[in-house]
Each structure stands twice: as C-alpha cells, then as structure tokens.
Number of protein chains: 2
Amino acid sequence: MQKDITIYDIAKQLQLSPATVSRALNDHPAINHNTKAIITSKALELGYRSNMFASNLRRQRTNTIGVIVPRLDSAFMSTVLSGMEKVANEGNYNLIISQSLESIRKEVANAKTMFDSRVDGLLVSLASDTENLDHFSTFFKKGIPLILFDRVMTQNYCTSIVIDNLKAGYDATNHLIEQGCRRIMHVSGSLKRNVYADRLKGYRLALLDHGLPGGRELERANNLTRQDGLDIAEYIKSMPNPPDGLFIASDFCAVTCMGALKQSGFSIPNDLAVVGFNDDPVSLVIDPGLTTIHYPGQEMGEIAAQSLINHLTGLLRLSTTNTILLNYELIVRGSSQRYS
Amino acid sequence: MQKDITIYDIAKQLQLSPATVSRALNDHPAINHNTKAIITSKALELGYRSNMFASNLRRQRTNTIGVIVPRLDSAFMSTVLSGMEKVANEGNYNLIISQSLESIRKEVANAKTMFDSRVDGLLVSLASDTENLDHFSTFFKKGIPLILFDRVMTQNYCTSIVIDNLKAGYDATNHLIEQGCRRIMHVSGSLKRNVYADRLKGYRLALLDHGLPGGRELERANNLTRQDGLDIAEYIKSMPNPPDGLFIASDFCAVTCMGALKQSGFSIPNDLAVVGFNDDPVSLVIDPGLTTIHYPGQEMGEIAAQSLINHLTGLLRLSTTNTILLNYELIVRGSSQRYS
DNA sequence: TTGTACGCGTTATCAG
DNA sequence: CTGATAACGCGTACAA
C-alpha cells in the first residue's frame with residue numbers, strides 16, 4: 001500500500017513546475033514537444049495515474065453518466081446497457097447504473113444518489129408507476145442534461161429516445177388483420193407508460209380502421225410477467241367467444257401464454273395467431289417462432305449515451321424538446337403466418 | 001446553474017466554524033445534540049449536498065465498487081448485477097459496471113479504467129480467454145480487494161464465489177444416467193474457464209463411475225451461442241451412432257439445439273434426454289421444459305457485493321484464499337424425465 | 001464541545 | 001513556452 005505518484009513527484013524529478021506537468025499530461029497546445037515527451041515518459045516510468053477526484057473537484061465535472069433503469073435483469077435492458085457502456089467507455093465516461101425495480105420510491109432515491117454523485121448527465125427509463133418528473137427537477141435546475149429512453153414522458157424538459165410505439169402497435173395489429181384475424185385481443189402493461197399506452201392506442205386504431213370489434217373484453221393490462229402470461233391463457237380458454245388473434249406487448253409474456261394455450265390444444269397460428277413485442281431471444285425458442293416487433297436495444301443505448309456525451313462536450317446541442325425516433329421492424333414468424 | 005452550497009455557507013449563516021458543520025453532518029460523537037440538529041436542519045433548508053470529490057480526495061477512498069463482467073446482455077449476469085446493485089445501494093456504495101465482451105484485451109482496459117477510477121474494490125467474472133490475473137496485479141499491490149465470481153481462477157490472491165461446477169456437472173450427467181441414458185454427449189464452452197472445465201470434468205467422472213463410454217466424439221466445446229446450438233443439432237443428426245442423452249453447459253444453447261432436433265423428428269426425452277445449465281427463463285418456454293441446474297444469480301451478486309463491503313468496512317476480514325461455495329439445484333423438467 | 005489551519009492533487013489565472 | 005499561486009470543498013490534528 002505505497003503512496004501514489006503525483007504530478008509533484010514528476011515535477012520534482014524533472015526540475016519542472018507541477019503546472020507544466022499538468023499541462024503536458026493534458027496535451028495542452030502551449031507546451032514544448034520535447035518537454036511533453038519527457039514528461040509523459042517519466043509519468044509512465046513512475047506509474048503515475050491522475051487523481052480523478054482532485055481533477056473533478058477542480059473542474060467541477062465528473063465524466064460520469066448516471067443510468068436508471070426499471071430492471072437490470074431484463075433481456076432488452078441489458079442490450080441497451082451494453083450499448084451505453086460501449087459508447088461511454090469509448091468516450092472516456094464512466095457509468096453508474098442503478099435500478100428502480102419499477103418503483104417510483106426507489107427511482108426517487110436513485111435520482112438523489114445520482115445527484116449527490118454529481119453525474120454529468122442522466123439516462124433514464126421510467127418505472128412503471130412514475131407519474132411525473134418532479135424528482136428530477138434538481139437536475140433541470142442545475143442544467144444537468146437528462147435523456148429519457150424507451151419509457152419516456154412527454155415533457156418539455158428533456159430529450160427522449162423511443163420508437164413509435166403507436167405505429168408499431170398499429171403494424172402488429174394490422175399484420176394480424178392481414179392474416180385473417182377478425183377478433184383480436186391485446187395485452188398491455190402499465191398504461192402510465194408510453195410504451196404500453198401507445199401500443200394500445202395503435203391496436204385500437206388498427207381495429208377502428210378495419211371496422212373490427214374491440215372493447216374491454218379484448219383488452220387486458222397487467223405486469224406482463226410469466227404468471228400473467230399463464231393467466232391470460234386461462235382467460236382466453238374461459239372466453240365464450242375467444243379471439244383469433246392475440247397481440248401481447250412483451251415477448252416473454254406472449255411466449256408463456258402461447259405455451260399454455262398450445263398445451264390446451266390451441267393450434268397456433270390457425271386457431272389463434274400471436275404477435276409479441278421486443279424480439280426477445282425467447283421468441284425464437286418457442287415453436288412456432290413468435291412474430292414480434294424488433295427494436296434495437298443496443299442501438300438505443302448507444303444513441304442515448306452518444307447524444308448525452310455530444311451534448312456534454314458541446315458537439316451537438318440538443319434542443320430540450322427533441323425526440324429521437326428509432327426504427328423498428330415487424331418480424332414475421334410462424335406464430336402468426338397463416339398464408340405463406 | 002447556481003452555485004453549490006458548501007459547509008462554509010452553512011457555517012457562515014449559523015456563525016459556526018466549517019469544522020463543526022462537517023463534524024455534525026458526519027454525526028461525529030463529540031458534537032452537541034442541539035447544534036447538530038440546528039446544522040442538519042439548516043443543511044436541509046439550503047439544499048446542501050456533500051461534495052463527494054472533495055470528500056474522496058480527502059479521505060482517499062471512493063465508496064465505489066467496480067464490476068467487470070463478460071457480457072451485460074445475459075440473463076444470468078443481469079440477475080447477478082441486480083443483486084450487486086441492491087446490496088451496494090443499501091451499503092451506500094456506487095457501482096461502476098463494464099463488460100469485457102469475452103475479450104482479455106477489453107478486460108485489461110477495463111481493469112485500468114477501474115484502477116484509475118480508484119474503486120475501493122473490484123468484482124470480476126472473467127472473459128473466456130483470460131489466462132491469468134496479471135492485469136489485476138496493480139490492485140493486489142495496492143491492497144485493493146478483488147473478488148471473483150462465477151468465472152473464477154484458482155489463485156491465491158483473491159476470494160472466489162462459485163458453485164461446485166464439477167459436482168453439478170456430475171449430478172446433471174448422473175441424472176441422465178438414472179433416466180436410462182447410456183450414451184451421453186456433453187457440450188461445453190471455453191475450457192479455460194472453470195465453469196466449463198469443471199462441468200466437463202464432472203461429466204467425465206460420472207461416465208467413468210458408471211462405466212459408460214465417453215471420448216472425443218461425445219464432447220464438444222464451442223461458444224454456446226444460438227448458432228452453436230443449431231450446429232450441435234446438425235452434428236447429432238449426422239452421427240452414425242447418436243447419443244441418447246445430452247448435457248449442454250448453457251440453457252440457451254440447449255434450448256435452440258432441442259428445438260432444431262424436435263423439428264427433425266427427435267422425440268424428447270425419449271430419443272434424447274436433455275439437460276441444460278443456469279435455469280435461464282427460456283428453459284420454461286421450450287416444450288418439454290428443460291431440465292437444468294439452477295444457481296442463484298441474484299444471491300451470488302448479493303454475496304459478492306456484501307463480502308466486498310464487509311471486507312472494506314472491516315466487518316469481516318476475508319482470508320485472501322477463501323472460496324465461497326453456493327448451493328445449486330438440479331431442476332428436473334420434461335426434457336429428461338422418462339419415468340415419473 | 002468548538003475553532004484554526006492545513007493538505008488532499010489538480011487546474012486556471014496571471015505573470016514573465 | 002513555463003512558473004508561481006490560488007482555489008476547488010472537505011476532514012482532521014491540534015489547540016482552546
């Protein structure tokens with residue numbers, strides 16, 4: 001546990017001033033090439049590493065980005081995080097990651113921690129019961145940029161990165177209609193969240209456009225867990241007039257529901273055509289493969305992080321009302337393909 | 001973008017010295033209850049937040065834990081991280097997370113970043129091609145604790161948290177034998193990693209104990225990806241004398257392999273009984289359900305983080321040669337159950 | 001129980 | 001191009 005090397009040590013050994021050393025190490029233009037070379041080599045020799053705290057304290061910024069996600073243990077989120085980590089790492093930023101566990105209470109606490117950690121910026125995907133962005137007001141006040149991704153809130157303070165969930169919901173439903181479905185059910189999650197609310201809207205709109213029946217009997221909202229998938233299967237089996245199309249806002253839930261229905265003798269896609277959402281790896285595991293909406297988690301993470309970094313470095317000053325819309329793609333697989 | 005409140009501001013307003021304020025805020029015993037109350041309430045009123053950098057700079061520690069994992073986008077890893085985040089958060093530590101993407105090169109870079117970020121401790125699961133721990137020697141030298149989890153390396157410098165992969169591999173194989181399999185194939189990952197090498201050893205041992213045939217034809221090592229699962233299915237179909245039992249060291253790979261074999265007319269478990277590893281959610285999606293080894297990711301993360309924190313706070317000084325062994329569980333599902 | 005004064009390692013300013 | 005010096009905000013030895 002020996003002492004750290006500082007710029008003073010280097011300065012002393014080289015008979016230079018600490019200031020010069022500091023500048024050289026930061027590649028300051030106004031430093032002689034020679035001395036710069038001498039200093040960097042000496043630094044290497046002594047195993048010098050810059051003290052981020054001193055530097056942060058002095059510069060009043062941290063090169064750290066805070067991330068708050070609903071859950072870490074989700075296939076989609078982990079691809080998003082993977083993308084963020086990649087970009088952050090390349091941009092010489094650290095990531096502080098925390099999860100709200102779908103609870104506003106924890107989200108508030110996380111926000112506070114992030115604030116106290118003095119992150120340079122924040123990337124957030126909202127918990128399912130978050131109603132407003134008040135807990136981020138401290139950030140807004142201090143001009144710390146906040147970018148929302150995936151589960152966003154249409155508000156005028158911050159940039160959002162999303163897909164067009166309404167259109168995607170429409171497309172998913174429309175696809176079922178094209179496959180001949182006439183009675184289509186939709187299962188969504190917390191309607192406080194844009195992702196689910198919009199998909200539902202898209203679903204309704206598609207039905208409307210084609211003069212198909214909808215209504216409460218055909219709409220369910222739950223937490224999209226495994227158990228919810230099983231429950232939906234039970235519900236469908238109990239319906240006097242069961243649907244011939246099913247659009248579930250999450251693959252994992254869709255897949256378990258499908259499994260249960262298959263076991264009960266439903267033929268998929270003939271009795272019931274199914275479409276999920278997310279292109280979770282499981283959609284390829286089930287037989288037949290699950291038709292789904294693919295949207296690029298990795299890319300969403302990369303773009304979110306990159307936008308934030310660009311903003312921080314002043315490369316690209318995002319208007320605070322900006323929304324970045326990513327493309328999605330309907331991936332048709334066996335669970336919905338009646339005519340090939 | 002107004003200026004931050006410091007202890008000086010509080011001190012001035014209260015006609016006290018900054019030292020007293022600092023002590024009060026840190027709950028120092030030698031401070032009058034009254035003044036303490038006055039100070040904390042004033043701090044709250046002014047919206048004071050401690051400056052971690054100044055504090056870290058002063059105290060020479062960061063309350064930050066570094067985590068390096070092979071991949072963020074893995075079901076298992078994300079449960080582990082979830083556990084770590086929970087404990088770290090409760091213990092007032094921040095997590096800096098990065099991924100090696102299974103590459104030693106990136107792992108080395110990550111280690112350096114962590115070192116420069118002056119993390120108080122490190123939690124690491126090794127990349128698939130890591131050969132030694134030399135890139136962590138800087139940590140050892142400075143006495144910064146390093147805990148390895150899941151993919152560990154038996155070395156005398158640091159604590160490891162694992163399950164008994166050999167025994168688990170043995171149990172998995174033994175289960176297949178009990179179900180009447182006589183020709184059992186095993187698919188593993190990088191044999192540089194304990195997790196795969198040990199499972200393979202367990203497999204071999206079980207065969208040996210029961211006088212069953214093994215050998216190169218029945219052992220495959222790959223990256224356990226989706227594609228690898230499909231390849232294995234092809235391989236099995238091409239075998240003149242195909243196996244009647246299959247033990248794959250990762251669920252996701254097992255599940256895709258199973259799917260492909262089913263499509264080719266294999267009856268599971270009758271023609272071929274299958275066992276996976278990890279209890280990934282997908283193991284419940286496939287039909288029949290995949291028999292697997294469950295091991296507690298969340299718990300592993302919690303224990304890793306807690307051990308590190310205990311060590312840091314001096315609550316529990318782990319011997320550096322310690323190994324913590326977690327329990328695992330064989331979960332029997334339809335993919336291997338021939339007799340019920 | 002409280003105050004004084006210094007140093008943690010950098011970087012920015014100003015001067016040369 | 002380089003040097004001296006003053007912060008950044010906090011914690012703590014020492015003094016009172």
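Chain A is the first sequence line, chain B the second, and so forth, proteins listed ahead of strands; every chain is numbered from 1.
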With a 4.0 Å limit, can you tell me whether [X] has a side-chain N or O closer than that to the phosphate oxygens OP1/OP2 of [N]?
X       : N      : result
A:Thr20 : D:dG3  : yes
B:Asn26 : D:dG11 : yes
B:Tyr8  : D:dG11 : no
B:Ser17 : C:dT4  : no
A:Ser50 : C:dT10 : no
A:Thr35 : D:dT2  : yes
B:Gln15 : C:dG3  : no

Task: Options C:dG3, D:dC10, C:dA12, nucleotide nearest the side-chain atoms of B:Leu16 - done: C:dG3
Task: From C:dC8, D:dT2, D:dC10, nucleotide with atom closest to A:Ala30 side chain - done: D:dT2
Task: Beyond-backbone contact of A:Phe140 with A:Asp134, side-chain heavy atoms, under 4.5 angstrom - done: no
Open item on the list: Rounded to whole Å, please give me the gap between CD in B:Gln60 and P in D:dG11.
Closed with: 13 Å
Open item on the list: Between C1' on D:dC8 and CG on B:Asn56, what's the gap in Å once rounded to a whole number?
Closed with: 14 Å
Open item on the list: Determine whether a donor-acceptor pair (one donor, one acceptor, N or O, separation below 3.5 Å) exists between the side chain of A:Arg58 and the base of C:dT11.
Closed with: yes
TODO: Establish whether the base of D:dG3 is bridged to the side chain of A:Arg23 by a donor-acceptor pair shorter than 3.5 Å.
DONE: yes
Open item on the list: Less than 4.0 angstrom from a charged side-chain N to a carboxylate O is my criterion; do A:Glu102 and A:Arg151 meet it?
Closed with: yes
Open item on the list: Over 60° means perpendicular and under 30° means parallel, so tell me whether A:Phe139 and A:Phe115 are parallel, tilted or perpendicular.
Closed with: perpendicular
Open item on the list: More than 12 heavy atoms of other residues, nucleotides or ligands under 6.0 Å from CZ of A:Arg61: yes or no?
Closed with: yes
